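Bear in mind that the values here come from a model prediction, so they are computed numbers and not experimental data.
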Amino acid sequence: MFKDLNPLIHSPLRLAIIPFLVTNGQSDFKELKEVTKATSGNLSVQLKKLEEASYLKITKGFLNNYQHTAVEITKTGVAAFEEYVEAMKQYLK
């Protein structure tokens, strides 16, 4: 029987963010914007949704006198992505 795909991860932009962070552990807003080619507003909204689900930890501060937003994947986020990948494998069989 097929498992349901996690709709929080299955969204195209969030599906670009999560694997990038699984691979890299952390990033910042600027790098994620470049990697995903997303607009600032859309990226902000999607990161907030992932943070609300405890998939990400977002830390705002300053770096060299400029605003800086650090984004880090959590253990919950890694586990959710691993479950998503396993569910996807079932569909590809």
Side-chain angles (χ1 to χ4, degrees):
M1 177 141 174
F2 291 116
K3 286 185 173 183
D4 289 335
L5 295 175
N6 182 333
L8 194 58
I9 295 176
H10 196 64
S11 163
L13 180 52
R14 294 188 298 259
L15 190 53
I17 295 167
I18 292 289
F20 182 81
L21 291 172
V22 166
T23 301
N24 296 290
Q26 62 183 12
S27 186
D28 62 27
F29 188 86
K30 182 179 177 183
E31 182 178 37
L32 286 172
K33 186 177 173 193
E34 290 171 8
V35 168
T36 62
K37 308 285 189 250
T39 64
S40 294
N42 194 11
L43 183 58
S44 292
V45 168
Q46 302 312 318
L47 290 175
K48 186 70 175 165
K49 287 181 183 184
L50 292 168
E51 181 183 41
E52 288 171 353
S54 298
Y55 290 1
L56 304 179
K57 178 182 176 191
I58 297 174
T59 307
K60 295 181 182 244
F62 287 88
L63 181 65
N64 298 325
N65 293 324
Y66 293 98
Q67 287 185 336
H68 182 258
T69 301
V71 183
E72 183 177 358
I73 192 152
T74 63
K75 289 180 182 178
T76 302
V78 171
F81 181 68
E82 289 172 350
E83 288 176 19
Y84 178 87
V85 169
E86 289 304 314
M88 184 60 80
K89 285 180 182 176
Q90 295 300 313
Y91 283 92
L92 297 174
K93 285 185 178 180

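- Side-chain contact between I17 and Q46: present, with at least one pair of heavy atoms (C-beta onward) separated by less than 4.5 Å.
- Hydrophobic clustering (ILVMFWY, side-chain heavy atoms < 4.5 Å, transitive): V22 and L8 are in one cluster.
- Taking Y84 as the reference, H10 meet the ring pair (Phe, Tyr, Trp, His ring centres under 6.0 Å) condition, with sequence neighbours excluded.
- Both V85 and F20 belong to a single network of hydrophobic side chains, linked directly or stepwise wherever heavy atoms of I, L, V, M, F, W or Y lie under 4.5 Å apart.
- Under a 4.0 Å N-O distance rule, the pair K49/E52 does not qualify as a salt bridge.
- Two residues are said to be in side-chain contact when any heavy atoms from C-beta on lie closer than 4.5 Å; Y91 and L5 meet this criterion.
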Pairs under 3.5 angstrom only: tabulate donor-acceptor contacts from the side chains of residues 27-37 to other protein residues two or more places apart or in another chain.
residue : atom : partner : partner atom : Å
S27     : OG   : E31     : OE1          : 2.5
D28     : OD1  : K30     : N            : 3.3
D28     : OD1  : E31     : N            : 2.8
D28     : OD2  : H68     : NE2          : 3.4
K33     : NZ   : S40     : OG           : 3.0
T36     : OG1  : L32     : O            : 2.7
T36     : OG1  : A38     : N            : 3.3
K37     : NZ   : E34     : O            : 3.2

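- Taken from CG in L21 to NZ in K57, the straight-line distance is 14.0 Å, to the nearest 0.5 Å.
- The CD1 atom of I18 sits 5.0 Å away from the CG atom of L56 when rounded to the nearest 0.5 Å.
- In this structure, the separation between CG on L50 and OG1 on T76 is 12.0 Å, given to the nearest 0.5 Å.
- A heavy-atom distance below 4.5 Å is found between the side chains of Y55 and I9.
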